[in-house]
Structures are given as structure tokens and as C-alpha cells.
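This report concerns only the one structure given below.
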Amino acid sequence: MSVRVRYAPSPTGDPHVGNIRSALFNWLYARHEGGTFIVRIEDTDQTRYVPGSVEAILEALAWLGLDWDEGPGSETRYGPYVQSERLALYREHADRLLADGRAYLCYCSTERLDALKRARQAKREPGGYDRRCRDPQEAEKARAENPSPVARFKTPLEGTLAVHDAVRGEVAFDLSLLDDFVLLKSDGFPTYHLANVVDDHLMEISHVMRAEEWLPSAPRHRLLYKAFGYEMPQLVHLPLIQGPDRAKLSKRHGAASVLEFRDEGYLPEALLNFLALLGWSLDETSELFTKEELARHFTPERIVASAAVFNREKLDWFNGVYIRKMGDAELADALAPWLEDAERGLPSAVPRPIDRAYLAAIVPLERERLRKLADAPQMLSFFFEERPAYDPALLVPKGMDAPGARAALEAALAAAEETDDWSAPALETAYRALAERLGLRTGQLFGAVRVAVTGRAAAPPLFDTMAVLGKERCAERLRRAVEAV
RNA sequence: GCCCCUAUAGUCUAGCGGCCCAGGACGCCACCCUUUCAAGGUGGAGAUCGCGGGUUCGAAUCCCGCUGGGGGCGCCA
């Protein structure tokens with residue numbers, strides 16, 4: 001039997017990382033098995049629909065390189081892939097259950113349901129619907145209260161039901177604790193439970209891989225499959241992703257949307273690699289995987305059962321690793337839009353577009369210092385600004401006074417002006433000799449020159465930096481430093 | 001409150017009865033490299049394998065209980 005798996009987000013907001021991790025695992029499994037990866041939009045709650053979120057979800061998938069074989073817009077015998085376009089299917093299924101006597105119409109008002117819930121809470125009784133309308137006479141009475149009923153499933157009153165989860169094994173539930181859940185809402189839309197079961201069957205889904213929060217509803221689904229006479233797909237419940245406080249990861253923990261991570265300058269390869277290792281591992285030591293390698297190795301057997309905390313520092317490390325893997329031209333291309341961005345890029349005084357050849361020369365110097373692409377404007381600004389601002393006090397090296405620093409900078413300026421060969425090795429030779437002549441430690445002289453030339457105490461190797469900046473710019477900055485110190 | 005899941009260092013994890021007085025990675029610390037910052041290299045601190053009982057010649061690994069953590073209990077998904 002071929003593997004058909006699906007990612008079934010509801011369009012209620014941005015694509016959350018926890019959610020996308022489910023998409024990733026489904027995608028990996030599909031690709032591992034040469035199966036089919038399906039995207040299905042579960043928009044059965046009209047009230048929570050957020051315009052643009054379908055686009056955002058698909059955008060996130062595309063950014064990560066998770067291509068889908070079937071999804072919104074696909075013309076196949078399984079479509080459509082948007083639940084609001086499949087309403088007739090759910091209604092037919094609900095009708096079947098109604099006709100069979102496996103479901104019934106419930107006319108109870110929301111007021112009554114609320115009151116029931118409150119009363120149960122007050123008495124500390126287990127919650128759930130009291131099945132009033134399961135009695136036809138009661139239903140008839142209630143009918144007056146509510147013109148638009150819901151359809152409820154008749155849950156067995158007792159017994160236990162075991163479902164099999166690939167990660168956790170058999171999980172048993174006590175049926176007496178399950179109430180008669182809603183199948184069809186009063187607006188005619190299906191609930192998640194109905195729509196999910198109907199679609200997974202009709203789309204011939206072989207494995208349902210979803211977050212662990214769904215495990216408690218597995219017995220309901222089991223019951224529905226049985227009632228319809230359908231075979232239930234394999235269940236694979238993925239461990240939850242938690243924030244540092246160990247609660248389910250959400251917006252309150254900061255960036256939660258994949259698109260936000262993209263906008264913070266994370267590389268898709270890095271986020272993907274990091275996410276894959278949240279709840280899955282190959283062996284003792286392997287950490288770095290491309291998407292293809294992940295797909296080659298991914299098996300559900302190696303999914304972990306316990307929840308994982310989303311660890312920013314490790315994500316940052318992965319990002320640095322993937323930045324370092326990039327070639328000069330590749331990184332320059334990736335960086336350019338970040339540097340040119342009107343709001344978060346280089347100061348507006350720096351003309352756009354930026355000089356690509358110049359950027360390409362800078363890249364080798366900054367690559368291993370970058371953690372996120374978004375850091376680039378700040379880190380590289382001194383390469384582009386005419387007059388990088390800095391505190392003149394930084395020009396005075398440890399163990400020296402201002403006049404001494406001034407003398408050293410004057411000498412450095414003179415040496416710069418005299419130099420014909422403006423290459424890193426030549427500059428280094430010249431400045432080492434100069435330090436010796438002045439009786440300074442190289443660290444002292446180089447430190448002062450670094451601040452003069454870059455405006456900061458921490459920068460890439462000095463002579464490579466000077467070589468890239470060019471003689472004119474360096475001389476000008478040294479001149480300014482002499483005056484400033 | 002009830003139900004379910006879960007439990008190896010701060011974090012992600014390896015381990016599926018003896019190879020483990022527990023391996024890898026992030027983070028942290030130190031040293032090396034070095035003109036600063038990174039990157040890289042080397043080393044280190046950090047886990048009584050949540051606790052208590054069993055089973056076994058032998059348990060992180062199997063069983064039971066407890067405790068902690070999480071999730072679910074909607075005409076939301």
C-alpha cells in the first residue's frame with residue numbers, strides 16, 4: 001500500500017513552527033517512502049478564518065522547500081483540498097449515521113449547554129453533554145428552543161477502546177468518559193472530527209501524523225471509522241514542542257511563525273535541520289542533515305515520545321553553520337536584500353543598490369561572524385558608511401594616553417599614504433615594522449588603527465579589512481581619527 | 001477535578017538487560033591559534049539515568065507505585 005500523508009492546517013493565522021514541524025515530518029515520510037504529500041486546508045470554522053493565512057501557510061512550506069504533490073488547486077479525483085468546498089460530503093456522511101441511528105439531532109441551546117457545563121464544574125463532575133436529545137421525546141420538546149440543531153454521534157455508553165499509536169503503542173480509553181460529540185454544527189459545517197475522518201478516508205490517507213494534542217480525540221475518530229465501516233489510517237502522534245517554560249509553544253514565547261523566523265534572517269536549511277531534530281534523531285552523533293538526507297533517513301520508528309523545548313541558541317548555531325557553508329557569491333546574493341532594505345538595512349545615506357563586487361569582497365571577512373542574515377546591516381555598516389561613528393576614547397589603546405595614540409595614528413596615516421602595494425600582506429608587513437619602530441605592541445597599534453578604520457573595537461582581521469576598504473577610505477578615516485583623539 | 005501522554009546534564013538527544021560509574025550536540029568555562037571579534041582545535045565542569053519498590057546473577061533499559069512536567073476535556077481546530 002502506498003504512503004499518502006497529509007498536512008492539514010486550519011487557516012486561522014500564521015504558520016506556527018510546531019505546526020510546520022508536523023508538515024516537515026509528513027513530508028519527510030512521504031519522500032522517504034516515495035509516497036504522496038498532501039496539503040489540505042481545514043477551514044470549517046467560519047468565525048476563526050483569517051484572510052491571507054492559506055497563502056502564508058503555503059508560502060512557509062515553499063520557503064522551506066516542502067513541496068506538495070496534492071493540495072489546493074490540484075485537479076485529482078481526491079479533491080477539492082479545501083474543506084469548505086467539501087460540505088456535501090460531510091453532510092452525506094452525517095446523514096448516513098443519522099439514518100442508521102448512530103447519530104441524532106440535538107436541539108439543546110448554547111445557553112443550556114453552558115449551564116450544564118457550569119453545573120458540572122461546580123459539582124466537580126466529569127463534563128460532557130448529558131445526552132438529553134438522545135431521547136426522541138426530549139428532542140421533540142427541545143425542538144422549540146432551537147430551530148437549527150446539531151448532529152451528535154452516539155458514543156457507546158461503556159467499555160474501553162484501545163487505539164494504536166506508532167510512537168506510543170496501545171493507548172486505552174474508557175468509553176464511559178466520552179460524550180456524544182458534535183458531528184455537524186448548526187451552521188451545517190462539520191466539526192474537525194467528522195471532516196477529518198471523512199477526508200482522510202476519501203483521500204486514502206495511510207498515516208495520520210499530527211501533534212500529540214490530538215491523541216485524546218483518537219478514540220472518537222476510531223469510533224467514526226468503525227461506524228462508517230472504514231479502515232483507520234496508522235496514527236503517529238508527534239511530541240509537542242514547548243517554550244522555555246515547558247508550556248506548548250505559542251506566540252507568547254516570541255517568534256512562533258515560520259515567516260517570522262525567515263524575517264529574522266534564519267536560513268530555511270537551518271530551521272529545517274533544527275526542527276527535524278526536535279523529536280527525531282538518527283543516531284548518537286549525526287546532527288547536520290540536508291533535506292534530502294533527512295528524507296533518506298527518516299523513519300517514524302525513530303520519533304521520540306516526549307516533548308521537546310524549542311532552544312533558540314541551538315537554532316542560532318545551526319544558522320551559523322549553514323551560513324558558513326555558503327559560497328561567496330551565494331552569501332552576497334543572500335545578504336544584498338537585507339542590506340538594501342529601507343527600514344532594517346544600511347543607513348539611508350548609503351546609496352542603493354549596493355556595489356555587488358564590493359559586497360563579494362566583504363563576504364569572506366564576515367561569513368564566520370554572522371549568525372543571522374538580519375545581523376548583516378549592523379555588522380557590515382562600517383564598510384559602507386562614509387563616516388562610521390564611534391567613541392573617540394576607543395582610539396586610545398590600553399596602556400597609552402591620548403597624545404601617544406595620536407602620534408601612533410599619525411604614523412599609521414603616514415605609512416598608509418606611503419604604501420603603494422595596498423594588499424593585506426603588504427599592509428601587515430608595513431604595520432608590523434611600524435609598531436616595532438614606535439616601540440608599541442602590535443595589539444596596541446592595530447587596535448587603534450582598527451577603531452580608526454572601522455569605528456569599532458571588534459571587526460574582521462584588520463589588514464584584510466583595510467585591503468577591502470581601499471587606500472583612500474582608510475587614509476581619510478585615519479586622518480579623521482588623528483583629529484578626533 | 002477527570003482522562004491521556006511523558007520523565008537520561010540548563011536544552012536537544014543516543015541508549016532498547018551485561019560493551020554505560022552513561023555517548024554526541026547546543027550553551028557554559030579554560031587553554032591553544034591570534035592584531036580585536038568570530039570561526040577552528042584541545043580540554044573541562046555539568047546526569048545519584050525523577051523518587052521508591054520489585055523482577056534478574058546483572059537494570060538507564062522490564063514491571064508496579066509515587067512525584068514532577070505536559071496535553072485534552074467547545075456547535076475551535
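Lettering of chains follows the sequences in order, A, B, ..., and the numbering in each one begins at 1.
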Does a side-chain N or O from [X] land closer than 4.0 Å to OP1 or OP2 of [N], or not?
X: A/Arg152; N: B/rC75; answer: yes
X: A/Arg302; N: B/rG15; answer: yes
X: A/Ser281; N: B/rA14; answer: yes
X: A/Thr44; N: B/rA77; answer: yes
X: A/Lys185; N: B/rC76; answer: yes
X: A/Lys248; N: B/rG72; answer: yes

Are [X] and [Y] within salt-bridge range, i.e. N to O under 4.0 Å?
X: A/Arg6; Y: A/Asp199; value: no
X: A/Arg40; Y: A/Asp200; value: yes
X: A/Arg371; Y: A/Asp316; value: no
X: A/Glu212; Y: A/Arg168; value: yes
X: A/Arg432; Y: A/Glu436; value: no
X: A/Asp283; Y: A/Arg302; value: no
X: A/Asp135; Y: A/Lys141; value: no

Do [X] and [Y] have their ring centres less than 6.0 Å from each other?
X: A/His221; Y: A/Tyr192; result: yes
X: A/Tyr90; Y: A/Phe189; result: no
X: A/Phe310; Y: A/Phe274; result: yes

For a quick check of understanding: with a heavy-atom distance under 4.0 Å over all strands, which category does [X] fall into, base, sugar-phosphate or nothing?
X: A/Asn319; value: nothing
X: A/Arg168; value: sugar-phosphate
X: A/Gln444; value: nothing
X: A/Leu370; value: nothing
X: A/Val150; value: base
X: A/Ala308; value: sugar-phosphate
X: A/Leu462; value: base
X: A/Val304; value: sugar-phosphate
X: A/Gly320; value: nothing
X: A/Ala459; value: base
X: A/Pro461; value: base
X: A/Pro460; value: base

Selected nucleotide, minimal atom distance to [X] side chain, candidates [options]:
X: A/Thr110; options: B/rU6, B/rA77, B/rC75; answer: B/rC75
X: A/Leu215; options: B/rC12, B/rC75, B/rC4; answer: B/rC4
X: A/Glu284; options: B/rU36, B/rC76, B/rG23; answer: B/rG23
X: A/Lys117; options: B/rG74, B/rG70, B/rU13; answer: B/rG74
X: A/Thr285; options: B/rG24, B/rG10, B/rG70; answer: B/rG24
X: A/Arg246; options: B/rU11, B/rU6, B/rA14; answer: B/rU11
X: A/Ala247; options: B/rC12, B/rG71, B/rC75; answer: B/rG71

*Are the side chain of A/Arg152 and the backbone of A/Asp180 linked by a donor-acceptor contact shorter than 3.5 Å?*
yes

*Does the A/His16 side chain pair with the main chain of A/Leu249, one donor and one acceptor, at a distance under 3.5 Å?*
yes

Using the [atom1] atom as the reference point in each nucleotide, state the distance between [N] and [M] in Å, no decimals.
N: B/rG74; M: B/rG18; atom1: P; answer: 46 Å
N: B/rC37; M: B/rC29; atom1: P; answer: 13 Å
N: B/rG46; M: B/rU13; atom1: P; answer: 24 Å
N: B/rG52; M: B/rC19; atom1: C1'; answer: 29 Å
N: B/rC64; M: B/rU56; atom1: C1'; answer: 16 Å
N: B/rC28; M: B/rA22; atom1: P; answer: 25 Å
N: B/rG71; M: B/rU61; atom1: C1'; answer: 26 Å
N: B/rU11; M: B/rC76; atom1: P; answer: 37 Å

Strictly by Watson-Crick or wobble contacts shorter than 3.5 Å, is anything paired with [N], and which nucleotide is it?
N: B/rC51; answer: B/rG65
N: B/rG40; answer: B/rC32
N: B/rC19; answer: none
N: B/rA25; answer: B/rU11
N: B/rG1; answer: B/rC73

_5′-ward residue of the pair A/Ala172/A/Cys106 relative to RNA chain B_ = A/Ala172

*Report the residue (A/Glu428 or A/Ser186) whose heavy-atom-nearest nucleotide on RNA chain B is the more 5′ of the two.*
A/Glu428

Using atom [atom1] of [X] as one end and atom [atom2] of [N] as the other, report the distance to the nearest whole Å.
X: A/Asn19; N: B/rC76; atom1: CG; atom2: C1'; result: 14 Å
X: A/Leu177; N: B/rC5; atom1: CG; atom2: C1'; result: 16 Å
X: A/Leu116; N: B/rG74; atom1: CG; atom2: P; result: 10 Å
X: A/Asp165; N: B/rG71; atom1: CG; atom2: C1'; result: 14 Å
X: A/Gln46; N: B/rG74; atom1: CD; atom2: P; result: 21 Å
X: A/Glu213; N: B/rG72; atom1: CD; atom2: C1'; result: 9 Å
X: A/Leu249; N: B/rG69; atom1: CG; atom2: P; result: 19 Å
X: A/Arg312; N: B/rG27; atom1: CZ; atom2: P; result: 15 Å

*When every nucleotide of nucleotides 39-49 of chain B is labelled 5' to 3' by its protein contacts under 4.0 Å (heavy atoms), B for base, S for sugar-phosphate only, - for none, what sequence of letters results?*
SS---------

